[in-house]
Colleague: 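Below you'll find the structure I mean.
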Amino acid sequence: MARNITPKEENYSQWYLDVIKAAELADYAPVRGCMVIRPTGYAIWESIQSKLDFEFKKTGHVNAYFPLLIPNSFLQKEAEHVEGFAPECAMVTHAGGEELEEPFAVRPTSETVIGSMYAKWIQSWRDLPVLINQWCNVMRWEKRPRLFLRTSEFLWQEGHTAHASSKEAREETLRMLEVYRKIFEEELALPVIAGEKTAGERFPGAIDTYTCEAMMSDTKALQAGTSHFLGQNFAKAFDIQYQDKDGELQYCWTTSWGVSTRSIGALIMVHSDNDGLVLPPRIAPVKAVILPISKDESAAEHDIFPKAKELAENLNAELGGMFVKVDDNFHMRPGDRFFMHLQKGIPLRLELGEKDIASGTVRLVRRDTGAKIDVKTENVIPEVKNILDDIQKNLYKRAKNFREANTYDAKSYDELKEIIDSKGGFVRAYFAGTPEDEVRIREETGATPRCILPNTETGTCIITGKDNGRLTIFAKAY
RNA sequence: CGGGAUGUAGCGCAGUCUGGUUAGCGCACCUGCUUUGGGAGCAGGGGGUCGGAAGUUCGAAUCUUCUCGUCCCGACCA
């Protein structure tokens with residue numbers, strides 16, 4: 001049992017912070033609301049980045065970089081956008097020792113700057129579509145920060161595309177939602193519900209917002225990624241026009257989509273346990289660690305360590321990366337090292353000691369189940385691959401079972417209220433209400449509509465009683 | 001931003017009410033010896049000016065005022 005981690009049953013928030021601290025993922029920065037992402041945490045972000053970036057490239061996108069500072073007047077151009085972001089904008093009012101004529105906002109998102117550039121770049125239908133992504137930091141001043149989940153500055157990617165038709169832009173919006181769903185489910189082992197947001201939860205300035213919604217291990221919901229169909233709202237605000245084949249001037253149709261370091265928070269909260277972090281193998285920067293063990297410190301270092309190193313090299317060659325490390329902390333006793341790797345969430349531990357060498361085996365210990373398996377030396381490489389795959393599948397399955405076990409149906413508003421109040425979790429209910437209804441539901445139950453389930457029949461709305469209700473997930477959310 | 005709690009060594013805490021020698025303890029850290037397959041033992045050692053500022057006092061970790069951070073609950077918000 002970990003002695004530096006509060007059990008999640010006792011205090012979930014504290015558990016979350018303890019896991020982050022024990023795994024050395026992040027630390028508080030001197031600036032309120034900001035965090036330092038430590039090397040171990042940053043490696044996870046790099047891992048997520050590389051998976052996403054590969055998919056972006058595969059779907060025809062290119063990377064670029066736009067400025068951090070945004071003229072205040074830009075934000076003002078789209079009415080809903082400014083209303084949505086103004087309260088959380090940090091403004092730069094002075095520079096070069098003087099007060100600026102026009103303050104700059106530190107970007108909370110880049111629709112406006114990028115829109116202004118698209119207006120210059122796009123002339124003809126031949127220029128379309130424009131498919132650009134940027135990896136950057138953004139700032140949204142937060143009153144109640146939580147590491148990874150809600151910090152004033154965070155890292156993300158934001159894709160911004162411009163298209164000739166509504167149809168193409170809608171397709172793009174859904175294509176990227178699907179990219180996100182795939183990465184979350186297949187790489188991060190996070191089961192998500194990819195659906196549409198209700199009107200009250202939409203991105204400021206969007207026509208439609210789609211989300212990947214995940215359930216954390218306290219049954220609360222977390223939005224892990226979003227994709228927005230912006231219609232012609234930003235095109236009109238920034239005058240992004242092109243000449244079509246008939247020589248007519250047309251406004252573009254745009255989209256934007258993003259995933260942030262918040263996804264690391266989801267990763268932590270979905271898989272980890274009371275011993276600390278648990279990482280799915282496909283996203284773990286270190287997938288396995290080999291421990292040379294001996295009663296004799298110098299034998300471990302001089303006799304066993306070279307064997308362990310050789311095994312690591314063979315595994316890395318097979319796995320195609322520097323994914324397997326050898327623990328060379330010879331000054332630590334085995335017990336201490338077990339706990340260290342446990343808390344860092346390394347999916348698989350390989351123990352190589354004198355006993356193993358004598359019997360021609362290696363002991364494998366799974367992080368997800370704690371199961372110990374002795375494997376013949378010649379089978380280690382295929383076994384490690386198999387077990388890593390199995391851990392990946394098991395984590396996904398475990399999370400999905402948990403979500404399903406904590407998902408309920410409500411036939412009426414009273415029932416919704418009762419379930420949220422007594423059990424929590426996700427509640428499915430037909431809904432066709434207004435944003436005002438959403439506010440009322442939040443005030444009365446604490447839950448919000450997280451997303452509309454795709455491909456489902458309509459039913460009787462629990463608020464209006466009309467039969468055009470869409471099947472919607474309600475939950476308390478981060 | 002409102003309510004509650006809290007801030008003393010890297011971490012966790014005692015001391016504060018009833019001001020008074022060099023501010024303690026556990027873990028961690030350093031050195032040595034013994035240990036080593038699920039968080040070792042003994043011995044020796046280093047590290048803090050008590051979140052910050054101002055004030056009261058002969059004297060402040062301790063009292064007063066202000067301020068900052070953090071945590072929990074809420075409001076607001078992705």
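Since we're looking at a predicted model, the values are computed, not measured. A note on names: the letters A, B, ... follow the listed sequences, proteins ahead of strands, and every chain is numbered from 1. Heavy atoms only: backbone and side chains are in, while hydrogens, waters and symmetry mates are out.
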Colleague: Searching all strands shown, indicate the nucleotide that pairs with G32(B) (Watson-Crick or G-U wobble; both distances under 3.5 Å).
Modeller: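 Its partner is C42(B).
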
Colleague: For the pair made of NE2 in His331(A) and C1' in U34(B), what is the distance, rounded to whole Å?
Modeller: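 Answer to the nearest Å: 18 Å.
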
Colleague: Would you please indicate if the ring centroids of Phe104(A) and Phe74(A) are separated by under 6.0 Å?
Modeller: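 They do not qualify: ring centres at least 6.0 Å apart.
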
Colleague: Can you check the distance between U22(B) and G26(B), where both ends of the measurement are the C1' atom (answer in whole Å)?
Modeller: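 Comparing C1' positions in U22(B) and G26(B) gives a spacing of 22 Å.
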
Colleague: Would Ser50(A) and Asp53(A) count as having a side-chain donor-acceptor pair, cut-off 3.5 Å?
Modeller: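 Distance-only check fails for Ser50(A) and Asp53(A).
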
Colleague: Just call it for Phe203(A): base, sugar-phosphate, or nothing, with non-hydrogen atoms closer than 4.0 Å on any strand.
Modeller: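 Touches nothing.
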
Colleague: Can you give me the closest heavy-atom contact between Lys182(A) and Glu55(A), atom names plus distance?
Modeller: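 Shortest heavy-atom separation between Lys182(A) and Glu55(A) comes out as NZ-OE2, 3.5 Å.
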
Colleague: Please pick, from C77(B), G37(B), G38(B), the nucleotide with the shortest atom-to-atom distance to any side-chain atom of Arg150(A).
Modeller: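 Of all the options, the side chain of Arg150(A) is nearest to C77(B).
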
Colleague: What string of B, S and - do you get for nucleotides 68-75 of chain B, 5' to 3', if B is base contact, S is sugar-phosphate-only contact and - is no contact with any protein heavy atom under 4.0 Å?
Modeller: -SSSSBBB

Colleague: Would you call Lys307(A)-Glu310(A) a salt bridge at under 4.0 Å N-O?
Modeller: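 Looking at Glu310(A) together with Lys307(A), the answer is no, because their closest N to O distance does not fall below 4.0 Å.
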
Colleague: In residues 66-94 of chain A, which residues come under 4.0 Å of RNA chain B by heavy atom?
Modeller: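 The stretch gives Gly84(A), Glu88(A) as the residues lying under 4.0 Å from the strand, ordered by number.
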
Colleague: Suppose you measure atom C1' in G52(B) against the same atom in C13(B); what distance do you get, rounded to whole Å?
Modeller: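 Those two atoms are separated by 22 Å.
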
Colleague: Between G15(B) and C63(B), how far apart are the P atoms? Round to whole Å, please.
Modeller: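 Looking at atom P only, C63(B) and G15(B) are 12 Å apart.
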
Colleague: Given atom CD of Glu24(A) and atom C1' of A28(B), what is their separation to the nearest angstrom?
Modeller: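 Distance check: Glu24(A) CD to A28(B) C1' gives 13 Å.
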
Colleague: Between Phe339(A) and G39(B), do the rings stack, that is, sit under 5.5 Å apart with planes less than 30° off each other?
Modeller: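 Yes, the aromatic ring of Phe339(A) stacks with the base.
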
Colleague: Whom does G10(B) pair with, Watson-Crick or G-U wobble, provided both distances fall under 3.5 Å?
Modeller: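 Paired with C27(B).
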
Colleague: May I ask you to say what Pro204(A) touches in the nucleic acid, namely base, sugar-phosphate or nothing, with a heavy-atom cut-off under 4.0 Å?
Modeller: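 Sugar-phosphate, backbone atoms only, no base.
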
Colleague: In whole Å, I'd like the distance from the CG atom of Asp18(A) to the P atom of C11(B).
Modeller: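 So the two atoms are 13 Å apart, to the nearest Å.
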
Colleague: Taking the side chain as C-beta and beyond, is there a heavy-atom pair between Leu52(A) and Tyr180(A) under 4.5 Å?
Modeller: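 Heavy-atom side-chain distance check passes, below 4.5 Å.
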
Colleague: Quick one: His341(A) NE2 to G37(B) P, roughly how many Å, whole number?
Modeller: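 One finds 16 Å between P of G37(B) and NE2 of His341(A), rounded.
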
Colleague: Grab the CG-C1' distance between Leu364(A) and G37(B) for me, whole Å please.
Modeller: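 In whole Å, G37(B) C1' lies 14 Å from Leu364(A) CG.
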
Colleague: Within the structure shown, what part of the strands sits under 4.0 Å from Leu342(A) by heavy-atom distance: base, sugar-phosphate, or nothing?
Modeller: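 Base contact - Leu342(A) has a heavy atom under 4.0 Å of at least one base atom.
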
Colleague: For the pair made of CG in Asp327(A) and P in G38(B), what is the distance, rounded to whole Å?
Modeller: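 Rounding to the nearest Å, CG of Asp327(A) and P of G38(B) are 15 Å apart.
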
Colleague: Taking any heavy-atom pair under 4.0 Å as a contact, classify Val138(A): base, sugar-phosphate, or nothing.
Modeller: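 Nothing, no nucleic acid heavy atom in range.
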
Colleague: Which residue, Asp296(A) or Ala477(A), contacts RNA chain B at a nucleotide closer to its 5' end, judged by nearest heavy atom?
Modeller: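 Its nucleotide being nearer the 5' end, the pick is Asp296(A).
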
Colleague: For the side chain of Gln343(A) and the base of G39(B), is some donor closer than 3.5 Å to an acceptor across the two?
Modeller: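 Yes, the side chain and the base share a sub-3.5 Å donor-acceptor pair.
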
Colleague: Whether Lys309(A) and Asp328(A) form a salt bridge (side-chain N of Lys/Arg under 4.0 Å from carboxylate O of Asp/Glu) is what I want to check.
Modeller: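 Looking at Asp328(A) and Lys309(A), the cut-off is not met.
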
Colleague: So, are Glu178(A) and Arg181(A) salt-bridged, with charged N and O less than 4.0 Å apart?
Modeller: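 Salt bridge: yes.
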
Colleague: Is Arg470(A) salt-bridged to Glu196(A), cutoff N-O under 4.0 Å?
Modeller: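 Salt bridge: yes.
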
Colleague: Provide the distance between the two P atoms, one in A5(B) and one in C66(B), to the nearest whole Å.
Modeller: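 Roughly 16 Å separates the two P atoms.
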
Colleague: Give, ordered by number, those residues of residues 213-221 of chain A having at least one heavy-atom distance below 4.0 Å to an atom of RNA chain B; if nothing qualifies, reply none.
Modeller: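 Listed by number, there are none.
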
Colleague: Between the side-chain atoms of Lys372(A) and the base atoms of G38(B), is any donor-acceptor pair under 3.5 Å?
Modeller: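 Indeed, a donor on one side and an acceptor on the other fall under 3.5 Å apart.
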
Colleague: Tell me whether Asp273(A) is salt-bridged to Arg367(A), with the criterion being a basic N under 4.0 Å from an acidic carboxylate O.
Modeller: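 Yes.
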
Colleague: Looking only at atom P, what distance separates C68(B) and G59(B), rounded to whole Å?
Modeller: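 Straight-line distance between the two P atoms is 29 Å.
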
Colleague: Angle class for the Trp253(A)/Phe229(A) ring planes (parallel below 30°, perpendicular above 60°, tilted otherwise)?
Modeller: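 It falls in the parallel class, under 30°.
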
Colleague: Using the P atom as the point on both nucleotides, what is the distance between C50(B) and G3(B), in whole Å?
Modeller: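 After rounding to an integer number of Å, I get 29 Å for this pair.
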
Colleague: Give the rounded distance in Å between these two atoms: CG of Asp336(A) and P of G39(B).
Modeller: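 Atom-to-atom, Asp336(A) to G39(B), this comes out as 9 Å.
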
Colleague: Which nucleotide, if any, forms a Watson-Crick or G-U wobble pair with G74(B), using both distances under 3.5 Å?
Modeller: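 Here G74(B) is engaged in a pair, and the nucleotide opposite it is C1(B).
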
Colleague: For A60(B), which nucleotide is its Watson-Crick or G-U wobble mate, given both distances must be under 3.5 Å?
Modeller: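 Base-paired to nothing in any strand shown.
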
Colleague: Taking atom P in both G10(B) and U56(B), compute the distance separating them and give it to the nearest angstrom.
Modeller: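 About 32 Å, rounded to a whole number of Å.
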
Colleague: Starting the side chain at C-beta, find the nucleotide from C11(B), G39(B), G37(B) nearest to Ile293(A).
Modeller: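 Taking heavy atoms from C-beta onward, the closest nucleotide is G37(B).
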
Colleague: Is the ring pair Phe154(A)/Trp156(A) parallel, tilted or perpendicular, if the boundaries are 30 and 60 degrees?
Modeller: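 Phe154(A) and Trp156(A): perpendicular rings.
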
Colleague: Whole-Å distance between G39(B) P and Asn329(A) CG?
Modeller: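 Rounded to the whole Å, the gap is 18 Å.
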
Colleague: Under a 3.5 Å cut-off for both distances, is G37(B) Watson-Crick or wobble paired, and to whom?
Modeller: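 No nucleotide pairs with G37(B).
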
Colleague: Over all heavy atoms of both residues, which pair between Asp356(A) and Gly353(A) is shortest? Give the atoms and the distance, please.
Modeller: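 Result for this residue pair: OD2-N, 2.7 Å.
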
Colleague: State the pairing partner of C50(B); accept Watson-Crick or G-U wobble contacts with both distances under 3.5 Å, and report none otherwise.
Modeller: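 The answer is none; no pair meets the criterion.
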
Colleague: Between Arg262(A) and Gly370(A), which residue's closest nucleotide on RNA chain B lies nearer the 5′ terminus?
Modeller: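 The residue closer to the strand's 5' end, by nearest nucleotide, is Gly370(A).
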
Colleague: Is the shortest side-chain N to carboxylate O distance from Arg398(A) to Asp368(A) below 4.0 Å?
Modeller: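 Salt bridge between Arg398(A) and Asp368(A), a charged N being under 4.0 Å from a carboxylate O: no.
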
Colleague: If we take the C1' atom in both G39(B) and U21(B), what is their distance in whole Å?
Modeller: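 Taking atom C1' in both G39(B) and U21(B), they lie 40 Å apart.
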
Colleague: Can you identify which nucleotide, out of C77(B), G37(B), G39(B), has its nearest atom closest to the Pro334(A) side chain?
Modeller: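 Of all the options, the side chain of Pro334(A) is nearest to G37(B).
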
Colleague: Using only modelled atom types and a 3.5 angstrom limit, is any donor from either the side chain of Arg349(A) or the base of G38(B) paired with an acceptor on the other?
Modeller: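 Side chain to base: pair found, below 3.5 Å.
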
Colleague: Are any side-chain N or O atoms of Thr173(A) and backbone N or O atoms of Thr255(A), one a donor and one an acceptor, separated by less than 3.5 Å?
Modeller: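 Not at all, since once roles are kept as given, no pair shorter than 3.5 Å links the two residues.
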
Colleague: What is the ring orientation for His61(A) with Trp257(A), classed by angle as parallel under 30°, tilted 30 to 60°, or perpendicular over 60°?
Modeller: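 The rings of His61(A) and Trp257(A) stand perpendicular, inter-plane angle above 60°.
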
Colleague: From G37(B), C11(B), C77(B), pick the nucleotide closest to the side chain of Asp356(A)?
Modeller: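 Out of G37(B), C11(B), C77(B), the nucleotide with an atom closest to Asp356(A)'s side chain is G37(B).
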
